[in-house]
Amino acid sequence: MIDLRLLRENRGDVERKLKKRKEDINLENILKLDDERRRLIKEVELLRRERKLISKGPEAREKGKELKFRIQEIEKNLKDVEEKLKRELLNIPNIPSDYVPDEMKIVKVEGEIKEYDFKVLPHWEIGKILNIFDFERASKISGPRFPLLKGYGVRMEIALLNFFLEENRKSGYKEIITPYLVKEETMFGTGQLPKFEVELYKCERDNLYLIPTAEVTLGNLLRNEILEEDELPIKIQSFSPCFRREAGSYGKETKGLIRNHQFHKVELFKFTKPEESDEKFLSLVEDAEKLLKKLELPYRVVELPADELAFSSGRTFDLEVWMPGEKRWLEVSSCSNCYDFQARRTNTRLRRKDGKIEFVHTINGSGLALGRTMAAILENYQNEDGTVRVPEVLKKYMDCDIIKREG
RNA sequence: GGAGGGGUGGCCGAGCGGACGAAGGCGGCGGUCUUGAAAACCGCUGUGCCGUUUCCACGGCACCGGGGGUUCGAAUCCCUCCCCCUCCGCCA
């Protein structure tokens with residue numbers, strides 16, 4: 001949620017930055033509602049004060065009655081205005097930070113893109129040869145675009161999970177496992193609601209939503225809490241399945257493990273002091289990069305322009321791994337600094353040593369998406385005979401160094 | 001799923017229609033005393049919003065799980081939702 005006071009006092013600046021998102025955003029109405037709100041507050045507070053003053057005297061009964069009706073009427077209007085204002089405010093995306101480039105910027109390219117002297121295959125074909133996926137049966141059970149792994153596929157998934165958790169722990173992230181079904185208000189907290197309802201799976205009976213990322217649960221973890229200054233930064237990681245409806249994306253980029261309704265991910269998350277978030281954001285990106293480096297996968301880091309930022313993000317770096325079988329870059333991590341945007345929605349604050357209270361900043365990033373990373377390994381480590389070498393760092397987790405077809 | 005019992009300030013806990021932002025205790029902060037510390041004693045001790053102000057601050061209103069209602073007036077009465085606990089049933 002953007003800061004109303006900031007908007008009131010620096011309207012031009014806010015408007016200019018939001019415009020870069022190329023969305024239709026109406027601030028006029030918000031400011032009008034805010035004026036109205038403040039006018040009504042003044043009015044009702046004056047009357048309440050009067051009521052308080054006479055409540056001890058002899059005129060409490062007759063005069064109080066009249067005041068009561070006047071107060072009730074204004075309260076009703078005020079509530080109405082506040083609801084409208086809140087609704088508008090919840091629909092405004094985060095303000096892009098000053099760092100955000102005008103168009104997608106390639107920050108760096110790392111690792112070596114290998115030359116292959118045979119015909120390289122995309123990962124879904126490799127998986128078919130190795131018999132480690134079964135999308136047909138997944139589809140029979142659940143419908144299209146659900147994953148089903150077997151044998152070495154499962155082993156690599158679990159190996160990656162263990163590798164990620166261990167490396168991230170070394171980088172200082174405490175591991176936690178959260179619920180995967182959450183209340184509506186939780187989805188509001190991190191910004192999935194109200195605007196992106198169609199992207200979410202919902203359990204109607206219980207009014208619960210399946211999380212599309214652990215960012216949701218981690219971001220809400222400290223909701224309505226005030227942290228002490230020296231508790232920060234808080235660094236956590238969480239493994240979770242992610243459920244996404246992917247509405248409207250059928251027919252594109254949907255082969256194999258790439259854009260499924262369900263996948264596993266390890267999420268990195270930080271709560272920081274405002275003055276530290278830029279620096280802690282960059283170090284989170286580095287932490288995610290470390291994983292790709294150790295897996296020896298070629299990747300690049302791109303910084304997204306304003307019109308590609310997610311709703312809650314003020315600044316985003318994507319990590320994209322090279323897919324030789326498809327000759328393209330594939331996003332395996334998206335890291336965002338949300339600044340105080342989510343903290344306002346979740347009311348997560350910090351108390352300074354001098355007693356002052358402020359909103360914290362939140363930073364999230366994948367570290368990493370498991371399915372896509374596996375896809376990248378299959379393509380980058382494939383051999384001509386259809387087997388796949390196991391990356392050095394995964395050998396101890398997989399307890400083997402090559403993946404062959406199994407019956 | 002069924003039957004009960006609860007949610008009050010950082011924590012414990014009283015209040016059950018007006019004098020209550022809320023007794024008392026603990027913790028925390030400041031002070032007195034002390035060579036220092038402890039003890040003892042004294043004072044202070046939340047959050048949000050609206051406004052005033054150059055800062056330090058100050059004034060007002062609201063907040064006793066959330067929302068609604070009754071009443072001139074609600075922490076206190078009523079409704080509803082959420083959360084926690086106990087017992088029974090079911091269950092990985």
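A quick note: this is a predicted structure, and the numbers were derived from the prediction, not measured. Protein chains get the first letters and strands the later ones, always in sequence-line order, with residue 1 at the start of each.
- If you measure from atom CZ of A:F69 to atom C1' of B:C72, you get 10 Å, rounded to the nearest angstrom.
- Where A:R8 and A:Q72 meet RNA chain B, the nucleotide closest to each residue was compared, and A:R8 sits on the side nearer the 5' end.
- Under the Watson-Crick or G-U wobble criterion, with both distances below 3.5 Å, B:C33 is left unpaired in every strand shown.
- Among B:G51, B:U47, B:C61, the nucleotide with an atom closest to any side-chain atom of A:E45 is B:C61.
- Between the P atoms of B:U80 and B:A92, the separation comes to 35 Å (whole Å).
- The side chain of A:R39 contributes no N or O atom lying less than 4.0 Å from OP1 or OP2 of B:C50.
- Distance noted for atom P between B:C84 and B:A14: 23 Å (whole Å).
- Here B:G48 presents its P atom at 6 Å from CD1 of A:I226, a figure rounded to the nearest Å.
- B:U8 sits 7 Å from B:C12 when the P atoms are compared, rounded to a whole Å.
- Using a 4.0 Å heavy-atom criterion, one finds that A:L67 contacts no nucleic acid atom at all.
- Across all strands, A:R344 comes closer than 4.0 Å to no nucleic acid atom at all (heavy-atom distances).
- Closest to the A:R349 side chain, of the nucleotides B:G51, B:G60, B:U47, is B:U47.
- Comparing B:U76 with B:C49, their C1' atoms sit 26 Å apart, to the nearest whole Å.
- Rounded to whole Å, the P atom of B:G30 lies 34 Å from the corresponding atom of B:A19.
- Annotation for A:E215 and A:E267: closest pair CB-OE2, 3.6 Å, computed over non-hydrogen atoms.
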Go through the steps for A:F311 and A:F341 under the test ring pair (Phe, Tyr, Trp, His ring centres under 6.0 Å), then give the verdict. CA-CA 10 Å; A:F311 183 75; A:F341 186 82; 5.7 Å; yes
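- Separation of the C1' atoms belonging to B:U86 and B:A75 is 26 Å when rounded to the nearest angstrom.
- Under 4.0 angstrom from either OP1 or OP2 of B:G73 there lies no side-chain N or O belonging to A:K52.
- Listed for the A:R372 side chain is a donor-acceptor partner under 3.5 Å among the backbone atoms of A:E331.
- When the C1' atom is compared between B:U45 and B:U70, the two are found 36 Å apart, to the nearest whole Å.
- Remark: C1' of B:G66 and CD of A:E82 are 16 Å apart, rounded to the nearest angstrom.
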Listing, residues 123-133 of chain A side-chain donor-acceptor contacts under 3.5 Å, not counting sequence neighbours, or none:
unit_1: A:H123; atom_1: ND1; unit_2: A:E379; atom_2: OE2; d: 3.3
unit_1: A:H123; atom_1: NE2; unit_2: A:L257; atom_2: N; d: 3.0
unit_1: A:N131; atom_1: OD1; unit_2: A:K150; atom_2: NZ; d: 3.1
unit_1: A:N131; atom_1: ND2; unit_2: A:E406; atom_2: O; d: 3.2

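- Taking atom CZ on A:R51 and atom P on B:G60, their separation rounds to 16 Å, with Å as the unit.
- The A:K79 side chain lies nearest to B:G68 when the options are B:C82, B:G68, B:C61.
- For CG of A:D230, the number of neighbouring non-hydrogen atoms (other residues, nucleotides, ligands) closer than 6.0 Å is greater than 12.
- Heavy-atom nearest nucleotides on RNA chain B were determined for A:I41 and for A:R49, and the one closer to the 5' end corresponds to A:I41.
- In summary, of the residues considered (A:R39, A:R37, A:R38), a salt bridge (charged side-chain N to carboxylate O under 4.0 Å, His left out) with A:D35 occurs for A:R38 alone.
- Taking atom CG of residue A:D3 and atom C1' of nucleotide B:C49, one finds them 14 Å apart after rounding to whole Å.
- Partner assigned to B:C20 is none, using Watson-Crick or G-U wobble distances below 3.5 angstrom.
- Between the CD atom of A:E66 and the C1' atom of B:U71 there is a distance of 17 Å, rounded to whole Å.
- For A:R5, the side-chain atoms get nearest to B:C50 when compared with the rest of B:C50, B:C72, B:U47.
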Under 3.5 Å donor-acceptor pairs involving side-chain atoms of residues 151-160 of chain A, not counting sequence neighbours:
unit_1: A:R155; atom_1: NH2; unit_2: A:M398; atom_2: O; d: 2.6
unit_1: A:E157; atom_1: OE2; unit_2: A:H264; atom_2: ND1; d: 2.7

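- For A:K68, whose side chain is taken as the heavy atoms from C-beta onward, the closest listed nucleotide among B:G73, B:C50, B:U70 is B:G73.
- With rounding to whole Å, A:E75 atom CD is found 12 Å from B:U70 atom P.
- Using atom C1' as the reference point in both B:A23 and B:C78, the two lie 27 Å apart (nearest Å).
- B:G4 is paired with B:C85 under the Watson-Crick or G-U wobble criterion, all donor-acceptor distances under 3.5 Å.
- Remark: P of B:G48 and CZ of A:F359 are 8 Å apart, rounded to the nearest angstrom.
- Figure legend. B:A74 is base-paired to no nucleotide; pairs are counted as Watson-Crick or G-U wobble with both atom distances under 3.5 Å.
- Relative to the side chain of A:R351, the nucleotides B:G46, B:C50, B:C83 differ in distance, and B:G46 lies closest.
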